[in-house]
Amino acid sequence: MPELNRTALDAVASTRPQSAAIIAAIRPHLPGALTAAAIDTPLRQAHFLAQIAHESDGFATLTEYASGRAYEGRTDLGNTRPGDGVRYKGRGLIQLTGRANYRRMGRRLGIGLEAEPRRAADPDIAVRTACAYWQDRQLNTYADRDDLIAVTFAVNGGLNGLADRRERLTRVRTAMGRNLDWSPAPHPVLQRGGRGPAVASLQYALRQAACDVRIDGDFGPATERTLRRFQTQTGLAADGIAGPAAWAALLRRPALASAHAPGDKPDMPLVKRSLSLAGHRTSLSLEPEFWEEIDRAVAEDGRSLAGLVAEIDEARGEDPLASSMRVWVLERLRAGR
């Protein structure tokens, strides 16, 4: 197992004085816990460090800054008694939250965390709970694919803070060294009915390819339709299955691609325009690059923007209007017009 040295930890730490103290406190407990959770390759360790550094604000705290009142009454977290939200707020390197999670993790580690929730912020327990959480959710599988989206979705339940997690991952990889083996495993074959972080990664890749799809980790009819449409546009068999060819095409990231995941900062901000559609005022948000191509097309064809949008709206069926507009632009560009 490659050594997780102080340089790697420092690379993802904040500049606050308390970060150095927390790193010094947790570092002796990392080797054994990482080995026990099989976090034992460069990719696994880099992803693990990036995630726990984000969750702990760069190792600046092992206790959530907020009071925890927002978790009051959250029965999905097991908070069924008055005061549970505050009592069982986020603690540790990966922010263990909620009575039920404290109970479950305490039993797994043989520690009375439900009775003594503050112990979750002790350095040794903070390391053990983070590694156990990682192992329980099989995050090594996603790290082996170098799939930041899937890892983040599994940790966060969404993609909050994705830009920061990505930046920390880049920093820790550099600090760990370029002479290590960073070869990722292939992406899995996915199809309708699948659920989980790997599906969220597929949906995110579709978003980057300018496809309008919800990132919810559920491979339902909408995701299948979107994938089929992408496959048709890229000359692939439109079978609605994300196999090696579909993944390869998605990860090429077309020039007009833009990621707009929840909590992430898009590279190309959406621009909203208002217009009349079927006699009603509506708004349409697209990336500026798409608006540029649409404006050029309208001028070249001698038509109105409202007329073009109405035409696309009439033909789009159940597909979102914004997605249909993007498809129209991409098809026009591919036709060389």
Side-chain angles (χ1 to χ4, degrees), residues 1 4 26 29-56 59 62-64 71 74-80 84 87-162 165 168-169 172 184-185 187-188 190 194-201 216-218:
M1 181 172 74
L4 198 58
I26 67 172
H29 306 288
L30 281 169
L34 292 175
T35 299
I39 306 173
D40 53 7
T41 70
L43 274 173
R44 293 176 181 184
Q45 292 185 353
H47 280 274
F48 177 78
L49 273 190
Q51 294 292 331
I52 64 172
H54 174 83
E55 294 292 329
S56 63
F59 304 117
L62 295 179
T63 302
E64 184 178 1
Y71 304 126
R74 285 280 302 274
T75 55
D76 59 314
L77 295 174
N79 293 340
T80 57
D84 276 357
R87 183 173 172 78
Y88 299 103
K89 71 177 188 174
R91 293 185 180 89
L93 286 168
I94 215 155
Q95 296 294 288
L96 187 66
T97 306
R99 179 188 283 272
N101 288 321
Y102 274 74
R103 180 190 304 123
R104 180 182 59 81
M105 191 58 69
R107 287 175 177 171
R108 189 187 190 287
L109 299 178
I111 305 169
L113 291 182
E114 184 177 7
E116 299 179 273
R118 292 180 182 274
R119 291 187 64 193
D122 292 347
D124 60 330
I125 297 176
V127 170
R128 292 176 64 192
T129 55
C131 289
Y133 183 98
W134 193 270
Q135 190 174 36
D136 284 353
R137 284 158 178 75
Q138 301 180 332
L139 296 184
N140 282 334
T141 301
Y142 311 126
D144 287 346
R145 298 174 192 145
D146 201 11
D147 192 340
L148 175 65
I149 307 305
V151 173
T152 299
F153 192 86
V155 169
N156 177 255
L159 297 179
N160 295 315
L162 179 60
R165 297 174 203 264
R168 293 183 195 274
L169 179 60
V172 74
H187 285 271
L190 301 171
R195 297 181 64 90
V199 174
S201 184
D216 59 5
D218 183 0

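Remember, it's a predicted structure, so these values are computed and weren't measured experimentally.
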>> For Pro188 versus Ala198, what's the shortest heavy-atom pair and its separation?
In response: CG-CB, 4.1 Å
>> Please identify which of these residues, Arg103, Arg119, Arg107, Arg87, meets the salt bridge (Lys or Arg N to Asp or Glu O under 4.0 Å) condition with Glu114.
In response: Arg103
> Is the backbone of Ser56 close enough, under 3.5 Å, to the side chain of Gln95 for a donor and an acceptor to pair up by distance?
Replying inline: no
> Do the side chains of Leu169 and Val151 get nearer than 4.5 Å, heavy atoms only?
Replying inline: no
> Just by modelled atom types, is the Ala38 backbone N or O under 3.5 Å from a matching donor or acceptor in the Asn140 side chain?
Replying inline: yes
>> Taking the side chain as everything from C-beta on, heavy atoms only, tell me whether Ile111 gets closer than 4.5 Å to Arg128.
In response: yes
> Side chains of Met105 and Asp136: closer than 4.5 Å at any heavy-atom pair?
Replying inline: yes
>> If you define the side chain from C-beta out and look only at heavy atoms, does anything of Thr35 sit under 4.5 Å from Asp40?
In response: no
> Between OG1 of Thr129 and CG of Asn101, what distance do you get to the nearest 0.5 Å?
Replying inline: 11.0 Å
>> Side chains of Thr152 and Gln51, heavy atoms from C-beta outward: is any pair under 4.5 Å?
In response: yes
>> If I compare all heavy atoms of Asp216 with all of Asp218, which pair ends up nearest, and what's the gap?
In response: OD1-N, 3.0 Å
> Any ring pair (Phe, Tyr, Trp, His ring centres under 6.0 Å) pairs touching residues 106-125, not counting sequence neighbours?
Replying inline: none
> About how many Å separate OH of Tyr71 and CG of Leu77, when rounded to the nearest 0.5 Å?
Replying inline: 8.0 Å
> Between OG1 of Thr97 and CD of Glu64, what distance do you get to the nearest 0.5 Å?
Replying inline: 5.5 Å
> From Leu96 CG over to Arg104 CZ, what is the distance, rounded to the nearest 0.5 angstrom?
Replying inline: 7.5 Å
> What's the shortest heavy-atom distance between Arg137 and Ala154, and which atoms?
Replying inline: CD-O, 4.0 Å
> Going from CG on Asp122 to NE2 on His29, what distance comes out if it is rounded to the nearest 0.5 angstrom?
Replying inline: 9.0 Å
> Yes or no on side-chain contact (heavy atoms from CB on, under 4.5 Å) for Phe153 and Leu162, after CA distance, side-chain angles and deciding distance?
Replying inline: CA-CA 9 Å; Phe153 192 86; Leu162 179 60; over 6 Å; no
>> Among residues at least two apart in sequence or on other chains, which ones pass side chain to side chain donor-acceptor pair (under 3.5 Å) with Glu55?
In response: Arg165
>> If you compare all heavy atoms of Ala33 against all heavy atoms of Val127, which two are closest, and at what distance to 0.1 Å?
In response: CB-CG1, 3.6 Å
>> If you define the side chain from C-beta out and look only at heavy atoms, does anything of Thr63 sit under 4.5 Å from Lys89?
In response: yes
> ring pair (Phe, Tyr, Trp, His ring centres under 6.0 Å): which pairs involve residues 98-142, sequence neighbours left out?
Replying inline: Phe48-Trp134, Tyr88-Tyr102
>> Looking at every non-hydrogen atom in both residues, tell me the closest pair between Leu93 and Ala130 and how far apart they are.
In response: CB-CB, 4.0 Å
> Pick one: which of Asp146, Asp144, Asp147 meets salt bridge (Lys or Arg N to Asp or Glu O under 4.0 Å) with Arg44?
Replying inline: Asp144
> Roughly how far apart are Leu30 CG and Cys131 SG, rounded to 0.5 Å?
Replying inline: 6.5 Å
> For the residue pair Ala132 and Leu109, what are the closest heavy atoms and their distance?
Replying inline: CB-CD2, 4.2 Å
